[in-house]
Amino acid sequence: MGDVEVIPPSILLPASSPVTQTGNASAQLCSNIGSVLNVRSIGSAAAQPQTVTFEEQVTPEISDSIKPKKKKKNSKKPKSKRGLGKPTGFEEYYGDAPMTPAEHEAEQVLYDPSRPIRHRIEDALQRYQGKRRLENNRRAIFLKYLAYGGVDVSPRMFVGSDQKDLQELDSEQVLQAKTQSTIENDTAELTIDFDAVVRGYLTSYFPSYFNPETEDMVKLGTVTIRNFLSYLLYHDVCPEHKDNIDQARKSCDIATTELWKNQQFMAKGPGQFNKACSTLFGGYLYDFNLEGDLEGPWADGPPMTRSMAYRVVKLALVGAASDEVARKFRDIDLQGDVRAKRVEDIDGFEIMTVGPPNDDALDFYKEYAFDLIPAGKITAKAYWDPAKASYDMTAEESKARERDSPPIFKFFLEQTLLQLCYPGMKVITPVWKTNVGFHYFEETFNAYGTIYTVLANDLMMGWKKPKPIKDTADGDEMEADEIDAAGQDGEIADLEDIL
């Protein structure tokens, strides 16, 4: 092959060569480059055409300028690697995978009824938390439930391990290293009752501590606990408590429905009728001047004047009350003598029956009060909250209360609130009785369900075992000096003297 004539880069576009009128600089550059790339051999006319790459002809400055820019790496991991979107084990139709014969035999030994139940539950907790993806909110609810049931979930000091250490351990050792739940020996003699713990936690502690504001937040608590109880049944961890665990799961289902109704009732109560009665007859709103005041003490509607309150009460009694109560209210009201007195020595009421407005009442409101919500009625009895201190009564009064049936109340409520009421619901609120024959209540402080349970476990939340204090001679001498300094001549000792 002959020598190849190479045209130097300086002649690609000579400065003295003018650009043709029909082209431009770019076209001239491309044509010159083409002449360079299609170079023929000088030595022989029959020689094959040889090509020379463009990179060999351009200067280093030009080649550097046309290099593709490097893409910036995205430091944020994709959702698939961060675990987002993966199954958590708490989906509605989620179920544990079938066990292999080897896994079944291993669990038969692990959950043998001859082993102490404390150890069996500890092992079940380790494996359950390893097979479920507990997010932050769900984990907080679950750990509080365990602590409420007597399980120690405090952080384990000086047992931390990083990923390098975990790689050197087998699966059983990894579970023990990651666990944060242990059952102390001093709890071995306590009574085991899964249903009582579920009822106490979901009806008493969970609503007051977490204050769920949405239905999803309520389900986050009830579904999580029910999922754990189902895990105990599926793996036969406590066969001697199977019926009790199954009843606890039913309590979770009941709490799922009732807790959300209770939260809504507290937020929307006490309703327009009870607010009007408090304004007219006695209570927190009595003699409360709301004329021109844009903010009332209860956020269940706009401020109510006395004329508005009188209209609400009158129409509710005509539409929902019996004829006897409506006539009695009319007669006493003409005399201007409608009064009310607070019922003492009770915490609230428990609903017995719920009566929504009938068709006649709905037609009446439609014709005469289309701007108001139709009212229905409920029948309730006096209720004393076991979580509160008992009232100071004489021995005769206490025996009379135990002997006699509790007082019966008749309330009127708007249809929107009646939909949230159910028999067995407990409402903690002040109750007032009128001389007409009906009752009303004021601000709702708490609402509890049918399975409301109060346990001493509430008092143990956050309790820490006391540490022994060492008695030393120096400590005794210091305490004696403090007593002498503080007791001379009955005067208060100066802080500098004590120190």
Side-chain angles (χ1 to χ4, degrees), residues 90 138 141-142 144-151 190-233 238 241-269 346-354 378-388 390 406 409 417-429 444-461:
F90 297 95
R138 193 186 298 274
I141 294 174
F142 183 67
K144 283 294 182 182
Y145 162 70
L146 295 180
Y148 189 87
V151 180
L190 297 179
T191 303
I192 298 176
D193 193 339
F194 291 92
D195 184 41
V197 172
V198 166
R199 286 187 282 110
Y201 179 75
L202 290 180
T203 63
S204 178
Y205 186 82
F206 174 74
S208 60
Y209 185 84
F210 291 98
N211 189 25
E213 297 180 350
T214 61
E215 188 175 7
D216 291 337
M217 186 64 181
V218 171
K219 292 182 178 180
L220 189 67
T222 57
V223 171
T224 300
I225 297 174
R226 193 184 191 282
N227 187 281
F228 171 67
L229 296 173
S230 299
Y231 181 88
L232 297 181
L233 289 178
C238 313
H241 296 280
K242 181 178 180 180
D243 294 338
N244 185 250
I245 296 175
D246 191 58
Q247 183 61 40
R249 294 168 74 240
K250 295 179 181 178
S251 298
C252 292
D253 297 335
I254 296 174
T256 302
T257 303
E258 294 182 351
L259 276 181
W260 180 230
K261 289 185 176 181
N262 298 344
Q263 295 297 111
Q264 294 181 88
F265 189 87
M266 287 190 294
K268 298 179 180 180
I346 66 170
D347 296 322
F349 60 88
E350 179 180 349
I351 297 177
M352 301 170 61
T353 60
V354 179
I378 62 174
T379 304
K381 61 182 179 180
Y383 178 73
W384 292 269
D385 189 357
K388 295 180 177 293
S390 58
F409 307 135
L417 286 176
L418 285 175
Q419 296 174 355
L420 305 175
C421 298
Y422 52 90
M425 180 181 184
K426 291 95 174 170
V427 181
I428 308 301
T429 179
T444 53
F445 298 111
N446 277 307
Y448 302 116
T450 56
I451 58 174
Y452 174 55
T453 305
V454 178
L455 301 177
N457 300 36
D458 294 59
L459 305 177
M460 299 300 294
M461 296 297 289

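The figures that follow rest on heavy atoms only: side chains count, while hydrogens, waters and symmetry mates do not.
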Ignoring hydrogens, what is the shortest heavy-atom contact between [X] and [Y]? Give both atom names and the distance.
{"X": "E350", "Y": "G424", "result": "OE2-CA, 3.8 Å"}
{"X": "S208", "Y": "Y205", "result": "OG-O, 3.1 Å"}
{"X": "G449", "Y": "Y422", "result": "CA-OH, 3.3 Å"}
{"X": "F265", "Y": "C421", "result": "CE1-SG, 3.5 Å"}
{"X": "S204", "Y": "D458", "result": "OG-OD2, 3.3 Å"}
{"X": "A255", "Y": "L202", "result": "CB-CD1, 3.9 Å"}

So, D385 side chain and D347 main chain: donor-acceptor pair closer than 3.5 Å or not?
no
Under 3.5 Å donor-acceptor, K426 side chain and F349 backbone:
no
Determine, using ring centers only, whether Y201 and Y148 are less than 6.0 Å apart.
yes
Residues 193-209 vs salt bridge (charged side-chain N to carboxylate O under 4.0 Å, His left out), sequence neighbours excluded, gives D195-R199
Can you pull the salt bridge (charged side-chain N to carboxylate O under 4.0 Å, His left out) pairs that have at least one residue in residues 255-265, sequence neighbours excluded?
none
Are more than 12 heavy atoms, taken from residues, nucleotides or ligands other than F445, located less than 6.0 Å from that residue's CZ atom?
yes
Contacts of type side-chain hydrogen bond (donor to acceptor under 3.5 Å, both in side chains), residue [X], not counting sequence neighbours:
{"X": "S390", "result": "none"}
{"X": "Y145", "result": "none"}
{"X": "T429", "result": "none"}
{"X": "T203", "result": "none"}

What's the separation between atom [atom1] in [X] and atom [atom2] in [Y], rounded to the nearest 0.5 Å?
{"X": "I451", "Y": "K250", "atom1": "CD1", "atom2": "NZ", "value": "12.5 Å"}
{"X": "M352", "Y": "I378", "atom1": "CE", "atom2": "CD1", "value": "11.5 Å"}
{"X": "R249", "Y": "I254", "atom1": "CZ", "atom2": "CD1", "value": "13.0 Å"}
{"X": "L220", "Y": "I141", "atom1": "CG", "atom2": "CD1", "value": "4.0 Å"}
{"X": "I225", "Y": "L146", "atom1": "CD1", "atom2": "CG", "value": "9.0 Å"}
{"X": "T214", "Y": "K219", "atom1": "OG1", "atom2": "NZ", "value": "10.0 Å"}

Which residues pass the side chain to side chain contact (heavy atoms under 4.5 Å, CB included) test with [X], not counting sequence neighbours?
{"X": "L190", "result": "T187"}
{"X": "A147", "result": "V153, M461"}
{"X": "Q263", "result": "P207, N211, P212, W260, M266"}
{"X": "K242", "result": "L233"}

Check salt bridge (charged side-chain N to carboxylate O under 4.0 Å, His left out) between D253 and all other residues, then give those that pass, not counting sequence neighbours.
R226
Mind checking what makes ring pair (Phe, Tyr, Trp, His ring centres under 6.0 Å) contact with F210, not counting sequence neighbours?
F206
Quick one: does [X]'s side chain get under 4.5 Å of [Y]'s, heavy atoms only?
{"X": "Y383", "Y": "I346", "answer": "no"}
{"X": "I245", "Y": "F228", "answer": "no"}
{"X": "L229", "Y": "C252", "answer": "yes"}

With side-chain contact (heavy atoms from CB on, under 4.5 Å) as the criterion, how do I428 and K388 come out once you've worked through the C-alpha distance, each side chain's angles and the decisive distance to 0.1 Å?
CA-CA 11 Å; I428 308 301; K388 295 180 177 293; 3.9 Å; yes
